[in-house]
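Structure record follows, encoded as C-alpha cells.
Order of the sequence lines fixes the chain letters, A, B, ..., with proteins taken first and strands second; residue numbering starts at 1 for each chain.
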Amino acid sequence: MISGPNELMTDHSTSSAAPIRVRIAPSPTGDPHVGTAYIGLLNYIYAKQRGGQFVLRIEDTDRTRFVATSEQEIFDSLHWLGLQWDEGPDVGGPYGPYRQSERTEIYREHVELLLANGTAYKAFETAEELEAVRQSQMAAKLPSRYNGAHRELTAAQIAAFEAEGRPYVVRLKVPVDGETVFRDELRGNIAFAHKQVDDQVLMKSDGFPTYHLANVVDDHLMRITDVIRAEEWISSTPKHVLLYKAFGWDLPRFWHMPLLRNADKGKISKRKNPVSLIFYRQAGFLPEAVINFLGLMGGGMPAPTEKNDTAEIFDIAGMLERFDFAKISLGGPVFDLVKLKWLNGEYLRKLTPEAFFHQLRHVLFSDDYLRQIAPLVQTRIETLGQFGDLADFFFRDDVTPAAEVFVPKKRTLEETVAFAGEQLAVLEGCDWSLEALETTLKALGTAKEWSVKENFMLLRAIVTGRTTSPPLLESLIVFGKARSLDRVRRFVDGQKKLANGRK
RNA sequence: GGCGUUAUGGUGUAACUGGUUAACACGUCGCCCUCUCAAGGCGAAGAGUCCGGGUUCGAGCCCCGGUAACGCUACCA
C-alpha cells in the first residue's frame, strides 16, 4: 500500500495527541555549521507553530573528533540567529542529561536489552580486520558490507573471546529477508530491502554508542514526536526503524529536508563555501538576513508573484505565521552567497543611522577586535593616522593581491597557486594557535621545498593583500580561522578561474 | 559497483484539485537619476518545465521507460 505525501500529511495533523517535540542534535566537532542552523530553524518553526517543544541535544559520542570549544560556539551561534531551545545542556529540562557523553550508562543498559532479546550481537573483529575485508570487497567490486562472520557466534565462542579480553562492538542483527518500509512525511513510503541494510555497529569498542543507537534511544526517551533532519539520513533510517522495533517502541514521524548545496550542486562543504556561522557573524552578516535567507531555502514560504512584492523578506515571526511544511520543495537548494549578500544589504539599508552605526561599532570595530589588533601595529606606525595603512585588511572583505605581489621571484604563477591550495588544505585542519600554525606551515614548506620566506610571504599576500604587514601568524589569529580560510579559498578559486579563462 | 532521493531560466522559488503567450526575486545587460559609486526608478535578454514515449480536447502537474545530479554505502555524525 503506497500512500502519497499529502495523504500522510493530513492523517496526523488532526489526530496525534502527544505534544509535539522536536530536536536538533549537532555534533561538537568544529565550527558551528550553517546546515545546523538551517535544520535548527526548521525544527524551531515546526515546534512553535504547533505549541510544541524544541530540544537541543549534543551528539558528542565521537571522542576522536571532539572539539572542546565547539559546544559553546554552537550555543552562541544559534542564539545569535535568534533560535532558543526549551531544553538542552545549558538550560536543562525534564529529560536530561542532554549531552550524550553523559548518558553512556543509559545506552549500555539499552544495549543489554537488545543483546538479551537477540536483536543485537557482539562482534570481536578489529577495525583493521574489517578494513581489510572492506578493501577486498571493493577490489572485487562487491558491495562493501559487514560479512556477518560473528553474527552467529556460540555462547562458548563469545565466552572464549571475552576471556581473552578481546574488545568487541555490538551490532544490530538485521533480518536477512524482507524489507523495512517507513514513511517520509514529505515523500511518502520508502522501502529498503534488508539485504541492503548493514549490521550497523551500535556500540563501539570504546563503550560509546554510535549515532544510530544514541539517536534512537534518546529520541524515544526524550519523547521526540517528529524527527526533522537532513536528507543524507534517509539511507540509515531503516536501521533506526529496526531499532525502534527491536525495543518495541513507537516510531516518530520522519521528515527529511533537502540538503544545502554548493554552487556546483554538491552537498555544501567548507572547501567550496563558507559554512561556519562564525564566519557569517564576523564578516558582518546580520542574523536577520541569514535567517531570512535560510527560510528561503527549500520553499515553505509563500512566494511573491507580482512585481515589487516583498514576500521574500520576512523574519522568524513571519515564518511562524506562514511557513508551510507541506510546501517544501525537495530539490537541494544552492546556497547562493550572492543572494544572501543582497538580502543582507536590504537589512543594512533598513537600519536607522544610529542602528547602523551601532552595528559597525560593535561588529566590525568592536573594542575586543581593536584591542587585539592594536599591539600588532603599535611599534610599526608613527602617527595614528597610519593605522589604516597597515591594518586595513582586518576590515576589508576583498584584498585580492596582484600577481606581482604574491608570486615569489623564483616561482611561476601556476606553482604558486598550487602551493596556496596546499596551504589551504593544511590550514583547514590546523588548530588556530601560534605554535600549531607555525609548525603546520613550516612542515608543508619543507615537504614541498618552499622556503619559509616564500611560504609566509605568499600567505601574507593572500590574507593582507600586501608584502608588508603586521606579523603574519598573529594577524591570522586575530582575523580568525573562519575568515582567514575564506580569504585563502577565495584566492585559490579566483586564481583557478583566471587560469581557466586564459586557456 | 549497490541502494535511495531528486529533477521548472545561471541561482532561489511560483503556477489552485491537468486549462489560455510558464510568474516573482537574485544575478546579468541597457536606460534614467547623479560629481563618482551604490541605492532607487524604468526596461531587456534568458527556461517551453532532464530526455523519450503514453493517457487526454488539453500535461510542468497523471502513467511507463530512460538519463543525470546528489546522498548513503565507517567502531563519523
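Across the C1' atoms, B:rG46 and B:rG30 are found 15 Å apart, a figure rounded to whole Å. A distance of about 27 Å separates the P atoms of B:rG10 and B:rU17, rounded to the whole Å.
With hydrogens and angles ignored, no donor-acceptor pair under 3.5 angstrom links the side chain of A:Q196 to the base of B:rG4.
Under the Watson-Crick and G-U wobble criteria, each requiring two contacts below 3.5 Å, nucleotide B:rG12 is paired to B:rC24. Across all strands shown, B:rA47 forms no Watson-Crick or G-U wobble pair with both distances under 3.5 Å. The pairing partner recorded for B:rU6 is B:rA68, the criterion being a Watson-Crick or G-U wobble arrangement whose two distances lie under 3.5 angstrom.
You'll find the ring centres of A:Y121 and A:H150 outside the 6.0 Å limit. The six-membered or imidazole ring of A:Y280 lies away from that of A:W80, with a centre-to-centre distance of 6.0 Å or more.
Each of B:rC75, B:rC3, B:rA25 was ranked by its minimum atom distance to the side chain of A:W342; first place goes to B:rA25. Out of B:rA69, B:rG12, B:rG71, the shortest distance to the side chain of A:E232 is found at B:rG71. For A:H212, taking side-chain heavy atoms from C-beta onward, the closest of the listed nucleotides B:rA69, B:rC72, B:rA77 is B:rA77. Counting only heavy atoms from C-beta on, A:K327 has its side chain closest to B:rA14 among B:rC72, B:rC70, B:rA14. Of all nucleotides listed (B:rA25, B:rG71, B:rG4), B:rG4 comes nearest to the side chain of A:I234. When each of B:rU11, B:rC26, B:rC75 is scored by its nearest atom to the side-chain atoms of A:L130, the top-ranked nucleotide is B:rC75. Relative to the side chain of A:E312, the nucleotides B:rC70, B:rG12, B:rA77 differ in distance, and B:rG12 lies closest.
We find that A:E73 and A:K481 are not joined by a salt bridge, their nearest charged nitrogen and carboxylate oxygen being 4.0 Å or further apart. Contact check on A:R483 versus A:D486 returns no salt bridge, with no Lys/Arg side-chain nitrogen under 4.0 Å from an Asp/Glu carboxylate oxygen.
Note on A:A263: nothing from the nucleic acid sits closer than 4.0 angstrom, heavy atoms only. Using a 4.0 Å heavy-atom criterion, one finds that A:Y211 contacts the bases of the nucleic acid, with or without backbone contacts as well. Among the atoms of the strands shown, none is found under 4.0 Å from any heavy atom of A:T29. The residue A:M301 sits apart from the nucleic acid: no heavy atom pair falls under 4.0 Å. Among the heavy atoms of the strands lying under 4.0 Å from A:E346 are primed sugar atoms or P, OP1, OP2 only; no base atom is included. Among the protein residues, A:S329 comes within range of the sugar-phosphate backbone only, with heavy atoms under 4.0 Å from sugar or phosphate atoms but none that close to a base.
By the 4.5 Å heavy-atom criterion applied to side chains, A:I190 and A:F254 are not counted as neighbours.
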